[in-house]
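This report refers to the structure that appears directly beneath it.
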Amino acid sequence: MSAGPDLVSLLYRADWTQLTLSAVADDGTSVLIAPGRRYRVAAGDQLTGCAGDRPWRLPARGALGMPRDVRYGRDGLGDRDDWAGDGPDADGRVHWVSGPEPPLPDLLCPGWLLISSQLELRGEARCCGRAAFQVGVTRRAGRHLRHAPAQFRAGQAEVLVDAELGILLRVAWLADGVEEDVTELVSLDLDPVIDPALFSPPPGSLVAESMGDALQGGGPAWTLLKTVAGVAAGGLGAWNKYAPSAQHRTEEQDGWDADAISPDGPAPDRSADGQLAGPPVSAEVLALLHDSTPGGFTATVHDWTDLGAMLSQVPDGARRAGFGGLGLLIDSITDRPATSHLSYSLRVDTADRYRIDYPGRVADVRRPVMVACDGQQCWQVYPDRVTTGPAEPPPTGIAELLDPSWLLGCRLSGGNAVLAGDRPAYRINVVRGPANSSLSIPSLFPAAVAVVDAETGLVLRLTSYIGDRPVRRIELRDITTAAGDLTIDIPPDLPVTEETFPGGHGRPRSGPYRTGFPWKAAGAAAGQMAAGVAKEAGKAAGDFLRRLSER
């Protein structure tokens, strides 16, 4: 990368929640922002905002004067096209579950530029009366699909980065060197006079509630969440406990043991608003996370998951509150040791050329014993068959170790120098992307500790936490700086089939042990529920579990 660490730091540290501004975008959207996650956005006939904790939306009115869009939000409970509101709560407002969302995220949350990208500083410019850096952005080869943010389209982009604030003043996507799509600010005032009352919801607004508020019960979001969680947990518990494969598999085959995961020091310390304790990560470490490209190496991967620790975080009152499926899930976990420990070999040449061998799977026809990619095609070798498809990034879990740039979409602190075995490394505290980030991290868990190799940038160890308990840990051991043999040996007696999905993409893969979940069975069980909300909740539960599996 030709741009120095200062550019990476500038983009990473941009924080819209600390700004005071009035701006207008090229599509006519107007934005007011004040510190403390307060904002008001007018886009066409839609008006949205937030007074600091609970966002609100004033729906556009149809011909009969009724709101056109009274629906739940896009926070994970379902798609807005799938869920219709049940009417207002007692206070006259319709709620959905959400938190403050950054306005104009492509411009005001520029951290997405740092993930799986290459940056080229091309000069200086001015925009909206502000000094700016002109930067060329390209996506790194071999890192598509798994980490690239939604904003990262095919091709290249040119952006103007505010030289002081780090926000983007302009984004132009290029096709054959020609600007194809442009998003930019046409006016920007950093010293506006703003009436604080503008951030409060006008009469008739739909006001969101936080997840904590939803769990207090009473509103339609509570009813929906309770039904979805119960169905999802019950389906997962039934499969885990009663599926034929679960009844016959042994602890040796699964790699289950009773040992808890070793913590990687204390869990990240966070304040009530999600702020991380500890010193900020240095510019040197930020540059390492962005610039690193894995070279050839071989390693042994060790992967622990502690389901008992996860379920220990379930409140005792959850079942009493109506989350009945959690009881079956908890019972199914207590029938076996709490922690799974898997180990397998990894060989990497480049980001899109790799081979993973799972020696403990020879008796399990549901899961591949080898996954390999040569940059053009991907093979999955099972005990009884071989499937092929287009090239894909490594599975979730492995991908996070090879490309540390995803960490730049999170809140980070620390970065102290440590030794990982005999390798110099940095220990970094990680929590989910904040309200000042439009990014999501490839992790199911709210906090983690990453140990990053100081020379290669590989994530040598990633320990995820819920509360103060480690619930997952994946690490690289026995590293040698040579790719080794990537030859893909196909046994001549195995049938080979090509798998494609709509759009020509290969079969979506999950992590090394999240395959073969019986979605049809789970959907059938959910379909036996009562009509109305329960039926829709079954659909949402299936979608929810599928998202967990695809991680």
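Basis for what follows: all heavy atoms, side chains included, without hydrogens, waters or symmetry-related copies.
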Do L342 and W304 pass the side-chain contact (heavy atoms from CB on, under 4.5 Å) test, and can you show the C-alpha distance, the side-chain angles, and the key distance before you say yes or no? CA-CA 6 Å; L342 306 173; W304 294 266; over 6 Å; no
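- For the salt bridge (Lys or Arg N to Asp or Glu O under 4.0 Å) condition, the pairs that include at least one residue of residues 445-460, sequence neighbours left out, are R423-D453.
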Output, in order, the C-alpha distance, side-chain angles, deciding distance and verdict of side-chain contact (heavy atoms from CB on, under 4.5 Å) for V182 and V171. CA-CA 6 Å; V182 176; V171 179; over 6 Å; no
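- A 4.5 Å side-chain heavy-atom check between L458 and F297 finds at least one atom pair inside the cut-off.
- For Y382 against R366, the heavy-atom pair with the smallest separation is CE2-O, 3.5 Å.
- In this structure, the side chain of S405 does not engage the main chain of L289 through any donor-acceptor pair within 3.5 Å.
- Without hydrogens or angle criteria, Y354 side chain to P393 main chain gives a donor-acceptor distance under 3.5 Å.
- At a threshold of 4.5 Å between non-hydrogen side-chain atoms, the residues L407 and V430 count as touching.
- Across all non-hydrogen atoms, the minimal contact from S262 to R473 is O-NH1, 2.7 Å.
- Side-chain N or O atoms of S345 include none that pairs as donor or acceptor with a backbone N or O of T300 at under 3.5 Å.
- Ring pair Y358/Y344 is tilted by interplanar angle, where 30° to 60° counts as tilted.
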List the steps, then state whether side-chain contact (heavy atoms from CB on, under 4.5 Å) holds for V452 with L460. CA-CA 6 Å; V452 179; L460 302 176; over 6 Å; no
Between L486 and D374, is a side-chain contact (heavy atoms from CB on, under 4.5 Å) present by the stated rule, with each step listed? CA-CA 8 Å; L486 294 180; D374 66 358; over 6 Å; no
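- The closest side-chain heavy-atom distance from Y465 to D264 is below 4.5 Å.
- When the side chain to side chain donor-acceptor pair (under 3.5 Å) test is applied to T480, the partners found at least two apart in sequence or on another chain are T298.
- Between R347 and D357, some side-chain heavy-atom pair lies under the 4.5 Å cut-off.
- A side-chain donor-acceptor contact under 3.5 Å links R140 to the backbone of S117.
- When all heavy atoms of C378 and P390 are compared, the pair lying nearest together is CB-O, 3.4 Å.
- Partner of I398 under the side-chain contact (heavy atoms from CB on, under 4.5 Å) criterion, out of L476, L346, D403: L346 alone.
- Scanning all heavy atoms of the two residues, the minimum distance from L114 to H290 falls at O-CD2, 3.1 Å.
- At a threshold of 4.5 Å between non-hydrogen side-chain atoms, the residues L113 and L168 count as touching.
- Proximity of a side-chain donor or acceptor of R355 to a complementary backbone N or O of T487 within less than 3.5 Å is detected.
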Please lay out, stage by stage, how D303 and R472 fare under the test salt bridge (Lys or Arg N to Asp or Glu O under 4.0 Å). CA-CA 8 Å; D303 192 342; R472 188 179 182 204; 2.7 Å; yes
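- Between T388 and T497 there is no side-chain heavy-atom pair separated by less than 4.5 Å.
- Here the closest non-hydrogen pair linking L10 and L165 is CD1-C, 4.2 Å.
- Nearest heavy-atom pair, G166 versus P110, reported as atom, atom and distance to 0.1 Å: O-CG, 3.1 Å.
- Residues satisfying the side-chain contact (heavy atoms from CB on, under 4.5 Å) test with E124, not counting sequence neighbours, are F133.
- Residues Y426 and V281 fail the side-chain proximity criterion, which asks for heavy atoms closer than 4.5 Å.
- Of the possible donor and acceptor atoms, none in the side chain of W379 sits under 3.5 Å from a partner among the backbone N and O of V386.
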With salt bridge (Lys or Arg N to Asp or Glu O under 4.0 Å) as the criterion, how do R122 and E158 come out once you've worked through the C-alpha distance, each side chain's angles and the decisive distance to 0.1 Å? CA-CA 9 Å; R122 295 178 176 175; E158 285 190 351; 2.7 Å; yes
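- Listed for the W112 side chain is a donor-acceptor partner under 3.5 Å among the backbone atoms of D106.
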